[in-house]
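As structure tokens, the structure follows; a few thoughts come after it.
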Amino acid sequence: MLDIQKIRADFPILTQKVNGKPLVYFDNGATNQKPQIVIEAIAKYYQEINANIHRGVHTLSQLATDAYEESRAKIQNHINAKFPHEVLFTSGTTHGINLVANGFASILKPNDEILVSALEHHSNIVPWQMLCEKTGAKLVVIPMNENGELIMTEYDKLLNNKTKIVTVNHISNALGTINPIKYMIDQAHEFGAAVLIDGAQATPHLKPDVQALNCDFYVFSGHKICGPTGTGILYGKEDWLNKLPPYQGGGEMIKEVSFEKTTYAALPHKFEAGTPNIEGGIVLGTAIDYLNEIGFDNIADYENELLAYGTEKLLAIEGLKIFGTSKAKTSVISFNIEGIHPYDIGTIVDKLGIAVRTGHHCAQPIMNFFNIPGTIRASFAFYNTKEEIDIFVEAVKKAKTMLS
Ligand code: C6P
């Protein structure tokens with residue numbers, strides 16, 4: 001059992017008023033809020049050890065380097081990667097996917113196939129389309145059904161010897177569906193295809209075990225797990241990371257440079273050109289410690305309670321339809337009310353202090369599938385409460401009355 005009031009006291013922003021009303025923050029899918037311990041760790045870094053890493057022999061540089069590498073080891077442990085050098089710091093999920101897609105340009109041949117799912121965020125579609133343009137490879141889409149679930153019988157049919165990479169999210173940002181990624185990874189491996197998992201929406205709710213999953217790449221963003229923006233992780237199996245060429249050239253990613261020839265540094269530095277977000281990388285470790293202290297099992301249990309409660313309350317509103325009705329679902333409720341534009345509801349509830357996301361959620365193909373312009377998305381975190389859901393439901397009812 002979580003002590004929610006104690007947890008809420010860790011998040012200074014939750015005591016704010018917005019438009020004169022207590023803030024109800026249900027836009028956790030976009031980014032979640034930061035506990036005081038994370039906010040303080042950012043200041044502490046700049047107050048006490050700010051220096052560039054992997055470069056200086058001076059004391060501060062050593063302290064900063066040690067803290068950065070300790071954070072990498074912590075994240076390795078968190079996701080159960082085999083080696084610390086399989087954990088690359090990035091600026092976020094988008095960066096991680098682009099890094100891998102760019103690397104595959106040297107591997108793919110014309111008519112090779114890349115399987116993406118119908119449930120993807122634009123970050124996991126566009127880099128692969130760009131790769132197809134570069135290489136002549138084909139993008140093939142794994143379809144979904146009306147519940148917002150990927151159709152595994154179709155997936156099985158699409159896999160073949162031309163499939164070189166399968167790229168799919170662990171959890172859909174727009175609908176909350178939890179995808180059967182273990183099955184998908186195992187099936188793809190039967191055909192020798194690599195698998196990238198976009199864990200942006202999964203890592204706030206669960207602790208991924210990359211060795212148990214046996215995925216080749218797993219990417220996520222720090223800002224969705226109580227860490228700073230501009231941070232993220234790309235996990236890659238050692239063999240794959242050795243096979244892929246560097247993404248960016250510059251300082252820190254080289255072994256030797258001459259005008260005739262440059263050789264590259266070993267992992268992970270080969271993929272970490274330039275001065276990184278040092279403070280962000282270190283503080284991401286603080287955020288992960290914070291979440292582990294609460295416990296991901298506790299987080300999931302509580303968020304499932306919020307999901308069930310919110311679903312029941314919202315469905316009692318006449319004309320309200322939820323998109324994403326899989327049984328395997330996380331705490332995201334995407335919905336519309338018949339005859340009302342989602343943007344109008346979002347604007348009215350904002351006036352009542354409630355933050356939700358409205359629109360296509362960077363997942364336009366999903367909206368096209370349902371033939372809608374967008375949805376209202378309420379995404380809950382472990383610091384939200386049933387009382388907040390009640391306030392939200394009343395606000396939606398009020399907006400409906402005003403707009404009908
Ligand atoms: N989704 C949302 O409101 P970045 O922006 O790089 O941190 O994450 C991109 C991204 C990739 N994949 C998935 C499944 C995502 O949900 C996101 C970010 C936010 O749904 C902002 S668009």
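Excluded from the calculations below are hydrogen atoms, water molecules and symmetry mates; all remaining heavy atoms, backbone and side chain alike, are included. Whatever order the structure lists ligands and atoms in, that order sets their numbers, starting from 1.
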- [ ] Answer yes or no: is there a donor N or O on one side and an acceptor on the other, between the side chain of N169 and the main chain of D198, under 3.5 Å?
- [x] no

Open item on the list: I'd like to know if E40 pairs up with K44 as an ion pair, taking the criterion as any Lys NZ or Arg NE/NH1/NH2 lying under 4.0 Å from an Asp or Glu carboxylate oxygen.
Closed with: no

Task: Approximate separation, where rounding is to 0.5 Å, of I288 CD1 and K207 NZ - done: 9.5 Å

Task: Proximal ligand 1 atoms for A30, defined as those under 4.0 Å from one of its heavy atoms - done: 2 (C), 3 (O), 19 (C)

Task: Nearest-neighbour protein heavy atom for atom 6 (O) of ligand 1, which is reported as residue plus atom name and distance - done: T94 OG1, 2.5 Å

TODO: Indicate yes or no: does D186 engage K182 in a salt bridge with an N to O separation below 4.0 Å.
DONE: yes

Open item on the list: Need the ligand 1 atom indices (1-based, order shown) with element for anything under 4.0 Å from a heavy-atom of C362.
Closed with: 22 (S)

Open item on the list: Below the 3.5 angstrom mark, is there an N/O of Q201, backbone or side chain, next to an N/O of ligand 1?
Closed with: yes

Task: Min heavy-atom dist H223 to ligand 1 below 4.0 Å - done: yes

Task: Ionic contact status for D216 with K237, cut-off 4.0 Å - done: yes

Task: Protein contact of atom 19 (C) of ligand 1 - nearest heavy atom, named by residue and atom, plus distance - done: K224 NZ, 2.9 Å

Open item on the list: For Y290 and F382, take the angle between the two ring planes, folded into 0 to 90°, and tell me which bin it lands in: parallel under 30, tilted 30 to 60, perpendicular over 60.
Closed with: tilted

Open item on the list: For ligand 1 and H95, I'd like to know whether there is a polar contact (N/O to N/O, distance under 3.5 Å).
Closed with: no

Task: Heavy-atom nearest neighbour in the protein, as seen from atom 12 (N) of ligand 1, with distance rounded to 0.1 Å - done: D198 OD2, 2.5 Å

- [ ] Walk me through it: do E305 and K386 pass the test salt bridge (Lys or Arg N to Asp or Glu O under 4.0 Å)?
- [x] CA-CA 9 Å; E305 240 181 74; K386 289 183 183 165; 3.3 Å; yes

- [ ] Determine yes or no for a side-chain-to-main-chain donor-acceptor pair under 3.5 angstrom, with K329 supplying the side chain and I171 the backbone.
- [x] no

Open item on the list: At less than 4.0 angstrom from any non-hydrogen atom of N173, what atoms of ligand 1 do you find?
Closed with: 2 (C), 16 (O), 20 (O)

TODO: Could you grab the distance from atom OG of S331 to atom CD of Q201, nearest 0.5 Å is fine?
DONE: 9.5 Å

- [ ] Among all protein heavy atoms, pick out the one at the shortest distance from atom 15 (C) of ligand 1; state its residue, atom name and that distance to 0.1 Å.
- [x] H121 CD2, 3.4 Å

Open item on the list: Quick check: R357 and ligand 1, any N/O pair under 3.5 Å apart?
Closed with: yes

Task: Option nearest atom 8 (O) of ligand 1 (shortest heavy-atom distance, choices G96, G230, S221) - done: S221

- [ ] For ligand 1, note which part of R377 has a heavy atom under 4.0 Å away: side chain, backbone, both or neither.
- [x] side chain

Task: Nitrogen or oxygen of N169 less than 3.5 angstrom from that of ligand 1 - done: no

